[in-house]
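Structure record follows, encoded as structure tokens.
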Amino acid sequence: MEKAGADWLHVDIMDGNFVPNLSFGPSFVEMAKKNATIPLDVHLMLADPLTYGPIFAKAGADLVTIHVEATSHLHRALSSIREAGAKPGVVLNPATPISVLEYCLELVDLVLVMSVNPGFGGQPFIKTTFDKLKTLKELMASKGVDVPIEVDGGVNDSNAPRLAAAGASVLVSGSHLFNSADYSLAVSRLRQAALSGLQPGPVSDKF
Ligand code: ZN
């Protein structure tokens with residue numbers, strides 16, 4: 001994907017517990033770090049981020065994002081990722097309200113909003129994501145926090161303009177890119193679609 005022009009490499013880590021699927025462990029991140037020249041954005045879909053956040057940070061992740069639903073010790077887990085040398089980010093499932101971020105927003109370098117339920121690729125985009133981005137932007141403004149907002153799940157050329165217009169600056173694309181015959185063209189088209197949402201004028205709500 002980096003040869004195709006992607007800015008970051010998003011790595012989904014699934015533990016068969018927080019989500020049913022299983023994917024990679026820290027050794028994969030170590031290997032990817034040796035071969036990648038773009039930042040590794042490691043999304044931990046696992047049940048124990050307090051233990052595993054620092055482990056993936058030390059394995060070479062540039063960013064480690066953890067789910068608020070996965071831990072009772074979110075504040076400590078985010079701090080431990082930074083202490084281990086990576087940028088901490090927080091992830092919200094589609095049904096999780098923005099208000100959970102009220103007392104930890106200052107600790108994070110990124111907020112990831114899930115636009116599908118985590119665990120499987122190829123799911124359709126959940127449209128309430130747009131309202132959620134608006135609420136998130138309001139909370140960030142009230143706290144004086146300005147960190148990137150990432151959206152993960154069902155992102156494509158059709159919804160990218162409106163996502164960018166709503167404040168998302170990092171778009172994760174899995175199936176949409178991997179189902180394309182030409183990855184470079186697909187990355188370029190997605191980038192252009194997102195940038196078109198930042199132009200003045202109305203943004204289409206068709207997606
Ligand atoms: Zn992800």
Side-chain angles (χ1 to χ4, degrees), residues 7-8 10-14 18-19 39 41-50 52-53 56 61-82 86-121 123-156 158-174 193-194 197-198 203-205 207:
D7 297 306
W8 295 358
H10 184 86
V11 183
D12 281 332
I13 305 293
M14 300 183 262
F18 181 67
V19 291
D41 169 29
V42 176
H43 174 191
L44 297 187
M45 289 179 262
L46 46 72
D48 186 2
L50 187 57
Y52 286 100
F56 279 90
D62 294 276
L63 270 152
V64 176
T65 55
I66 59 173
H67 275 262
V68 301
E69 305 86 5
T71 178
S72 310
H73 303 288
L74 183 62
H75 193 285
R76 194 193 305 164
L78 290 167
S79 304
S80 68
I81 290 167
R82 193 179 299 285
K87 292 180 175 177
V90 70
V91 194
L92 303 179
N93 272 339
T96 304
I98 293 295
S99 55
V100 296
L101 300 180
E102 193 163 358
Y103 298 107
C104 68
L105 207 49
E106 289 88 347
L107 292 178
V108 303
D109 288 328
L110 176 137
V111 178
L112 169 50
V113 175
M114 290 302 298
S115 42
V116 300
N117 287 293
F120 297 96
Q123 299 181 71
F125 180 85
I126 296 173
K127 295 177 186 176
T128 48
T129 304
F130 295 116
D131 286 340
K132 206 165 184 182
L133 292 176
K134 184 166 173 275
T135 311
L136 174 57
K137 289 291 279 183
E138 288 166 1
L139 178 65
M140 285 170 66
S142 75
K143 295 275 181 187
V145 171
D146 185 18
V147 295
I149 298 173
E150 180 175 31
V151 175
D152 185 3
V155 171
N156 56 38
S158 303
N159 53 32
R162 199 170 159 200
L163 286 170
S169 57
V170 182
L171 300 180
V172 177
S173 183
L198 302 177
V203 176
S204 168
D205 61 0
F207 49 86

Nearest non-hydrogen partners of A86 and V64, listed with the distance = CB-CG2, 4.0 Å
Gap between atom CG of L92 and atom OG1 of T65 - 0.5 Å precision = 10.5 Å
I98 and E138, any side-chain heavy atoms less than 4.5 Å apart | no
Note: V155 and V172 closest approach over all heavy atoms is CB-O, 3.3 Å
Might you work through the side chain to side chain contact (heavy atoms under 4.5 Å, CB included) test for I13 and Y52, ending with a clear yes or no?
-> CA-CA 10 Å; I13 305 293; Y52 286 100; over 6 Å; no
Test D152 against V91 for side chain to side chain contact (heavy atoms under 4.5 Å, CB included), laying out the working first.
-> CA-CA 10 Å; D152 185 3; V91 194; over 6 Å; no
CH2 on W8 to CG on D62, rounded to 0.5 Å | 9.0 Å
After noting the C-alpha distance and the side-chain angles of V111 and V147, does the key distance pass the side chain to side chain contact (heavy atoms under 4.5 Å, CB included) rule?
-> CA-CA 7 Å; V111 178; V147 295; 4.3 Å; yes
If every non-hydrogen atom of L171 is compared with every non-hydrogen atom of A194, which pair is closest and at what distance?
-> CD1-CB, 3.9 Å
In terms of heavy-atom contacts, P118 and M45 come closest through CB-SD, 3.4 Å
Smallest heavy-atom separation, V116 atom then I126 atom, equals CA-CD1, 3.8 Å
Which distance, rounded to the nearest 0.5 Å, do you find between the CG of L136 and the CD1 of I149?
-> 4.0 Å
Taken to the nearest 0.5 Å, the spacing of L163 CG from F125 CZ works out to 4.5 Å
Begin with the C-alpha distance, continue with both residues' side-chain angles, and end with the deciding distance and a verdict on side chain to side chain contact (heavy atoms under 4.5 Å, CB included) for L139 and K143.
-> CA-CA 6 Å; L139 178 65; K143 295 275 181 187; 4.3 Å; yes
Nearest non-hydrogen partners of V170 and P148, listed with the distance = CG2-CB, 4.1 Å
Atom pairs and distances, side-chain donor-acceptor, residues 67-78, under 3.5 Å, sequence neighbours left out:
| residue | atom | partner | partner atom | Å |
| --- | --- | --- | --- | --- |
| H67 | ND1 | E69 | OE1 | 2.9 |
| H67 | NE2 | H43 | NE2 | 2.9 |
| E69 | OE2 | N93 | N | 2.7 |
| E69 | OE2 | T96 | OG1 | 2.5 |
| T71 | OG1 | H73 | N | 2.8 |

Atom pair NZ/CG of K87 and D41 - distance to nearest 0.5 Å = 11.0 Å
Under 3.5 Å: donor-acceptor pair, side chain of N159, backbone of R162 | no
Taking side chain as C-beta onward, heavy atoms only, is L63 less than 4.5 Å from E150?
-> no
What's the spacing between L107 CG and I81 CD1 if we round to 0.5 Å?
-> 10.5 Å
Sort and list the pairs that fulfil salt bridge (charged side-chain N to carboxylate O under 4.0 Å, His left out) and have at least one residue in residues 92-104, not counting sequence neighbours.
-> none
Just grab all the side-chain hydrogen bond (donor to acceptor under 3.5 Å, both in side chains) pairs involving residues 103-121, residues at least two apart or on different chains.
-> R82-D109
Tell me, yes or no, whether the heavy-atom count around K134 atom NZ, taken from other residues, nucleotides or ligands under 6.0 Å, exceeds 12.
-> no
